[in-house]
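Heads up, the thing below is written out as structure tokens.
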Amino acid sequence: MNKTQIHIVGGGLAGCEAAWQCLRAGHDVRLYEMRPKKMTPAHATGDLAELVCSNSLKSMLPDTAPGLLKSEMQALDSLILKAAAHTAVPAGQALAVERTVFSLFILESLESFPGFKKVDAEVTELPPVGDNEAWIVASGPLTSQPLVDQLQGLCPDSRRLHFYDAIAPILETESIDESIVFRASRYDDSGDGDYWNVPLNKDEYEAFVDAVIAAEKMPLHDFEDVAYFESCLPIEVMIERGRETLRFGPMKPMGLVDPRTGHRPWAAVQLRMENKEGTMVSMVGFQTKMKWPEQKRVFSLLPGLKDVEFFRFGSVHRNSYLKSPDVLDRDLSFRSAPRIFLAGQITGVEGYTESAAIGLLAGRAASAKVQGQRFLMPPAGTIIGALYQYITEGGLGDFQPMNANLGLLPSLPKQRGMGKPQRKALQCARSREIFAAYANQLSGSSQNYQHGGVWNAQAGL
Ligand SMILES: Cc1cc2nc3c(=O)[nH]c(=O)nc-3n(C[C@H](O)[C@H](O)[C@H](O)COP(=O)(O)OP(=O)(O)OC[C@H]3O[C@@H](n4cnc5c(N)ncnc54)[C@H](O)[C@@H]3O)c2cc1C
């Protein structure tokens with residue numbers, strides 16, 4: 001067999017994971033990392049897979065989305081999780097790591113392959129790809145500008161590349177009190193409707209505005225001195241323009257009638273379906289920089305949202321990502337350049353583990369392609385498969401970065417006498433079964449893997 005070479009841009013979580021997968025498959029890998037010669041505004045070192053903020057890779061509990069994702073990635077021989085298991089520090093039910101040794105473990109693991117070469121350089125252009133080669137771009141949320149320009153050239157139009165995300169919270173529909181929150185579309189009195197509407201009277205509106213004003217917000221980084229797009233202003237910025245601004249913006253009550261009063265409410269928050277099953281809804285126009293615990297506290301003050309559960313919190317930050325469903329093929333390569341793959345946060349996932357997960361899939365897919373094969377992607381009933389499906393097919397609303405959450409999985413029908421925790425446990429058990437069947441399929445093919453169980457901190461050692 002001719003020597004095959006895979007070039008990977010970005011030595012972050014996704015790039016390192018992809019490199020490991022390619023090396024294991026027998027390819028030579030050149031991993032290009034611009035740090036420390038050229039730093040990003042958030043990284044502080046030249047280390048591989050630097051964790052730019054928290055040192056936590058979230059929950060290890062089996063019946064949570066992060067826990068499921070870990071078990072699946074472990075079964076797919078993830079380097080990032082192997083490194084995390086080796087360098088874990090006590091953090092209760094979360095998987096937290098000692099960041100310097102975590103990075104060192106990753107470097108040493110990659111360097112244990114003779115075919116690995118780390119290149120300390122910024123990639124400013126993507127050269128033509130040779131027959132036995134592939135490129136994987138895993139340059140992250142803070143991709144350097146020359147590379148952004150190159151990626152722009154691979155997209156059919158520039159609106160496919162975003163530089164900030166302005167994300168509204170996503171809620172679990174089941175946790176909403178439907179005796180208060182009502183279904184209706186504006187100016188439609190058919191009694192049915194596509195939106196859930198949270199009605200507020202004048203006092204409730206005033207109290208909500210005060211709570212947003214008083215809530216703690218995330219500080220802006222120097223590089224995030226954002227000139228906000230008018231169409232996606234954070235709600236707190238709107239309130240700075242006047243207490244009534246929300247009532248004439250995302251909380252306008254026009255065309256709605258509260259069935260409890262028979263009148264138009266003073267203000268209303270609209271919730272829009274995020275998946276076909278209607279198990280996830282987003283708060284329309286509610287992008288915010290309030291801290292996460294504050295979002296939980298403040299949004300729970302809204303009528304009918306007292307016990308609401310969040311699949312994703314809102315945020316506004318600098319984040320380069322592509323509208324992947326429009327530009328990527330099913331194997332994560334560009335439709336316009338089938339030997340160039342995209343991986344990590346720049347594909348439209350959010351978070352350390354999620355980014356590594358897409359690095360893993362892109363590494364597998366690129367490895368298979370240079371050998372003239374096709375990698376079998378995981379099914380949507382698994383968490384890693386649900387993330388993959390999200391970035392290749394998109395959801396119902398605008399394409400916005402997504403984290404791993406149970407709302408991405410098919411839900412189970414309500415059953416009499418079965419509580420929510422029990423249903424979630426069953427949903428996760430079903431997902432584990434789907435993953436086990438997938439792993440079996442892989443082990444029956446040339447793409448051999450271990451079987452998936454639950455995440456086991458010891459098993460990775
Ligand atoms: C300020 C900030 C705080 C965050 N906090 C958290 C958190 O607490 N928890 C969490 O889960 N997620 C957090 N995230 C998101 C997290 O950074 C990402 O999910 C994760 O690091 C993405 O992995 P990645 O491999 O896609 O990108 P990165 O880890 O960013 O890796 C990309 C790499 O590419 C390199 N690079 C960029 N351009 C080039 C180029 N042209 N040539 C060569 N190399 C290049 C960069 O130097 C970088 O090392 C945060 C992000 C930011 C910006």
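As the structure lists them, so they are numbered: ligands from 1, and atoms in each ligand from 1.
Every atom of ligand 1 is numbered from 1 in the order shown, and the set under 4.0 Å from a heavy atom of R35 is 47 (O), 48 (C), 49 (O). Atoms of ligand 1 lying under 4.0 Å from any heavy atom of P141, numbered from 1 in the order shown and given with element: 27 (O), 30 (O). With ligand atoms numbered from 1 in the order given, ligand 1 contributes 21 (O), 23 (O), 25 (O), 29 (O) to contacts under 4.0 Å with heavy atoms of L13. Atoms of ligand 1 found under 4.0 Å from any heavy atom of Y32 (numbered from 1 in listed order, with element): 43 (C), 44 (N). Residue-ligand proximity, G10 to ligand 1, at heavy-atom distances under 4.0 Å covers atoms 33 (C), 34 (O), 35 (C). Within the listing of ligand 1, atoms 26 (O) sit less than 4.0 angstrom from a heavy atom of G344. In the vicinity of T40, heavy-atom distances shorter than 4.0 Å reach the ligand 1 atoms 46 (C), 47 (O).
Here the shortest heavy-atom distance to atom 31 (O) of ligand 1, taken over G15, G12, G46, belongs to G12. Here the shortest heavy-atom distance to atom 50 (C) of ligand 1, taken over V137, L48, V52, belongs to V52.
Here K420 does not pair with D307 in a salt bridge; the nearest charged N to carboxylate O distance is not below 4.0 Å. For the pair E294 and K217, the salt-bridge criterion is not met [side-chain N within less than 4.0 Å of a carboxylate O]. Using a 4.0 Å cut-off between a side-chain N of Lys or Arg and a carboxylate O of Asp or Glu, E274 and R312 do not qualify as a salt bridge. Using a 4.0 Å cut-off between a side-chain N of Lys or Arg and a carboxylate O of Asp or Glu, D28 and K117 do not qualify as a salt bridge.
Of the heavy atoms in V349, none comes closer than 4.0 Å to ligand 1. Contacts of A49 with ligand 1, taken as heavy-atom pairs under 4.0 Å, are absent altogether. Under 4.0 angstrom from ligand 1, the non-hydrogen atoms of A14 come from both its backbone and its side chain. Residue A121 touches ligand 1 through its backbone alone, judged by heavy-atom distances below 4.0 Å.
Considering backbone and side-chain N/O of I346, none are found under 3.5 Å from N/O of ligand 1. Backbone and side-chain nitrogen or oxygen atoms of Y352 are examined, and one is located within less than 3.5 angstrom of a nitrogen or oxygen of ligand 1.
Taking the six-membered ring for Trp and thresholds of 30 and 60 degrees, F375 and Y438 have ring planes more than 60 degrees apart, a perpendicular arrangement. Using cut-offs of 30° and 60° for the angle between ring planes, the Y321 and F399 rings count as tilted.
Under 3.5 Å, the side chains of T45 and E50 contain a donor-acceptor pair of N or O atoms.
Side-chain atoms of E33 come within 3.5 Å of backbone atoms of G11 as a donor-acceptor pair (strictly under, hydrogens ignored).
Taking the six-membered ring for Trp, F102 and F105 have ring centres at least 6.0 Å apart.
Under the ring pair (Phe, Tyr, Trp, His ring centres under 6.0 Å) criterion, F299 pairs with F286, not counting sequence neighbours.
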